[in-house]
Number of protein chains: 2
Amino acid sequence: MDAITIKDIARALNLSTSTVSRALRDSYEINAETKRQVVEYAERLHYRPNPIAVSLKENRSRVIGVVVPQIANLFFSQVINGIEAVAYNRGYHVSIFQSHESYERELATVQQVVSRKADGLLISLSSNTTDVSYLRQLQEKKLPIVLFDRASKDLDVPSVTADNFAGAFAATEHLIQSGRRRIAHVAIPAGISIAQERLAGYRFALEKYGIPYDEKLVRHAGFGPNEVEPIVDDLLNQMPDAFFAASDRLALGCLATLKKRKISIPSQIALIGFTNIAVADLLDPPMSTVEQPALEIGQVAAGRLIDLIEGKQKTASSEPVKIATRLVIRTSTQAGL
Amino acid sequence: MDAITIKDIARALNLSTSTVSRALRDSYEINAETKRQVVEYAERLHYRPNPIAVSLKENRSRVIGVVVPQIANLFFSQVINGIEAVAYNRGYHVSIFQSHESYERELATVQQVVSRKADGLLISLSSNTTDVSYLRQLQEKKLPIVLFDRASKDLDVPSVTADNFAGAFAATEHLIQSGRRRIAHVAIPAGISIAQERLAGYRFALEKYGIPYDEKLVRHAGFGPNEVEPIVDDLLNQMPDAFFAASDRLALGCLATLKKRKISIPSQIALIGFTNIAVADLLDPPMSTVEQPALEIGQVAAGRLIDLIEGKQKTASSEPVKIATRLVIRTSTQAGL
DNA sequence: GCAACTTCCGGGAACGTTCCCGGTAACGAT
DNA sequence: ATCGTTACCGGGAACGTTCCCGGAAGTTGC
């Protein structure tokens, strides 16, 4: 497209492109009157620097790359909203990509982000990413990286997550305090960092209340379309009196399966989900949930990344940030019904 | 980062950069043996062309820009999934942006997309975009553009939408056939193209069944956080026996408000939503819905755009594509309860 | 042998912007 | 008047890649 370039401005004002550039970049080596003419003319013609040319010259783009496993997951889209709010305010554009829970896709996507000179990367790892060496290499090449939600012990970069341990602890504790003792845990894939944290919180609550951990009450579900129902069926054989489901999809899958089996919630089996679904209170029955602070995770992660990019706080920021979850008690875990 | 460039290859093989470029681009003006050496060496060093440099030289990027009003709207995230499936298979990267239902943000975003030399633009207009002249200008400058979901009569570009008229007609007809006569319509903002189509389908069904259109039963809701409840309250004063809500958010807002008012659904008032919410059948009561073919909309739109980009079908493709919706009848519109 | 054509290659320019450094003019100090 | 310093500007190079065109070498036809 025939956008205005500094060559046009230089030609029109009988200056060199160097002078025009200096004027527009607020350099000290430019006469005030010359600068005024250049700036005025550029504004009049709606000149805008070509970000491609700037990227090629400067090796930066003022773009933040964001890679999430799935966009059609409300939690991630809310995180993105938090990221955008902070980035936009600090003069960065956000370019969003999804890995579709695939390591290969994640790798290709991150390479795209890097080759387009993104200033930094915010990423939530896909479920089958076990090898983060490609990210380690990028980090060694000084690319600012912040992980969110799903972190990795093999990567020494800042991370921002919900306090999954405390959230799972609170959910399990609530079930216990409402009288449940055989609490089934439908977990996300074991390879995902937060799966272990949520499992640990679950186990810690059991232990605190003297309930023996029974591994037959724990199942890890994959991301297949119809994986939850057989898992719930299998768990039902263990005579649980409650389900603690570790994600949106799992919580809804448990609810659907229990209703399908004509199991009365909460009188026969209680259900609580680690989930951000907006309609928890419109479900039948209204579902108790541990809500994740998605927006805040996004805001903090973006803030951290931009600090990294702009060279502030290069140290003391590797400490993982864990933001508290919120327990919302509704009908699905009511006691004594 | 210190990626390999064709200068490195040229230096290593004692060739010029022109020769290396020709070898890598499959030019006819390259000796087979020279080409083999270059290609082999490039592969061995994992050389990848710098997309920034290519963009600057060629004015293209193999990236499709996608602008949606809100990512945290399941419909749009599903459309994006459809777009990505097609684009990825045809060798394009998809860069996703959101306008947050703001014209200003949309304008700034599209300008970003263009200045980064996206090969084409897929866009769903924000609710307060009334002036599409900026898109018309881009079209005149030959930027391939396809609208999806929200189109504009002021723009002569291909568009892909659900068949909103037929879907709204079907919903209203269903309500009428289940005995409802005072059907309130909670609509999306009037400025959005699909609002008029859905309203037209609603009115056509009333007309077909000899029910007079009552404008006091129609309200357009904005995107404020608590706009639905007062609108439903106001409509309740008109003694409706059914609600037809024109979007996810409106359907859920109507449901929440009706439940809050202890109104029995469907025995006192029926409710149907033009919505893709995945949990319609887990709600209380399970909600009847008109489902939009989000994935297919994305697929078709992306296919059209890439055809435009690659110079195929420059004509005969301005005809708007309307993809059928699906009526799913559940408890919330049951008759005679 | 000479002219025309083909193959192959390299140098240079382009894309738009930023930075470096040298040249010129003006000013102040000696 | 001379020297040193400062302000200002323009030319050239860089970034990585592609394309154009001219030059060199080889081959074929007359």
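Order of the sequence lines fixes the chain letters, A, B, ..., with proteins taken first and strands second; residue numbering starts at 1 for each chain.
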B:V63 to A:R116 - nearest heavy-atom pair and separation: CG2-NH2, 3.3 Å
Which of C:dC15, C:dT18, C:dG10 is nearest the side chain of A:S21? It is C:dT18
Describe the nucleic acid contact of B:D8 in one word from base, sugar-phosphate, nothing, applying a heavy-atom distance below 4.0 Å. nothing
Can you measure A:N59 atom CG to D:dA14 atom C1' for me and round it to whole angstrom units? 12 Å
Ignoring backbone atoms, test whether B:Y28 places a side-chain nitrogen or oxygen under 4.0 Å from the OP1 or OP2 oxygen of C:dC9. no
A:Y47 OH - C:dG16 P separation (whole Å): 10 Å
C:dC9, D:dC8, D:dG16: which one has an atom nearest the side-chain heavy atoms of B:A53? D:dG16
Could you tell me the separation between the CZ atom of B:R60 and the P atom of C:dC15, rounded to a whole number of Å? 18 Å
Base C:dC15 paired with B:S55 side chain (donor-acceptor, <3.5 Å): no
On DNA chain D, more 5' by nearest nucleotide between A:T17 and A:T34 is A:T34
The side chain of B:V54 lies closest to which of these nucleotides: D:dT17, D:dG11, C:dC8? D:dT17
In whole Å, I'd like the distance from the NZ atom of B:K35 to the C1' atom of C:dC8. 14 Å
Sub-4.5 Å side-chain heavy-atom contact between B:R22 and B:V38: no
Indicate whether the side chain of B:Y134 and that of B:Q111 have a donor and an acceptor atom separated by less than 3.5 Å. no
For A:F148, does its backbone N or O pair with a side-chain atom of A:S159 as donor and acceptor, under 3.5 Å? no
Go through C:dC8, C:dG16, D:dG10 for me and flag the one nearest to the A:T5 side chain. C:dG16
For B:E58 and B:L15, find the nucleotide of DNA chain C closest to each by heavy atoms; which residue's nucleotide sits nearer the 5' end? B:L15
Please determine whether any donor N or O and acceptor N or O are separated by less than 3.5 Å between the side chain of B:R22 and the base of C:dG10. yes
Whole angstroms only, please: what is the CD1-P distance between B:I9 and D:dT18? 10 Å
Within less than 4.0 Å of OP1 or OP2 of C:dC15, is there a side-chain N or O belonging to A:K7? yes
Could you please name the option among D:dC15, D:dC20, D:dC9 that lies closest to any side-chain atom of B:S18? D:dC20
Is any side-chain N or O of A:T19 closer than 4.0 Å to OP1 or OP2 of D:dG10? yes
Please report, rounded to the nearest Å, how far the P atom of D:dT17 is from the CD1 atom of B:I6. 5 Å
Using whole Å, report how far CG of B:L24 lies from C1' of D:dT17. 10 Å
Quick check: do A:L138 and A:V110 have side-chain heavy atoms less than 4.5 Å from each other? yes
Rounded to the nearest Å, what distance is computed from the CG atom of residue B:N31 to the P atom of nucleotide C:dT6? 18 Å
Answer yes or no: is there an ion pair linking B:E58 with B:R25, defined by an N-O contact shorter than 4.0 Å? yes
Output yes when at least one side-chain N/O atom of A:K57 is less than 4.0 Å from OP1 or OP2 of D:dA13, else no. no
Can a side chain N or O of A:N50 be found less than 4.0 Å away from OP1 or OP2 on C:dT17? no
Using a heavy-atom cut-off of 4.0 Å across all strands, would you classify A:I30 as base, sugar-phosphate, or nothing? sugar-phosphate
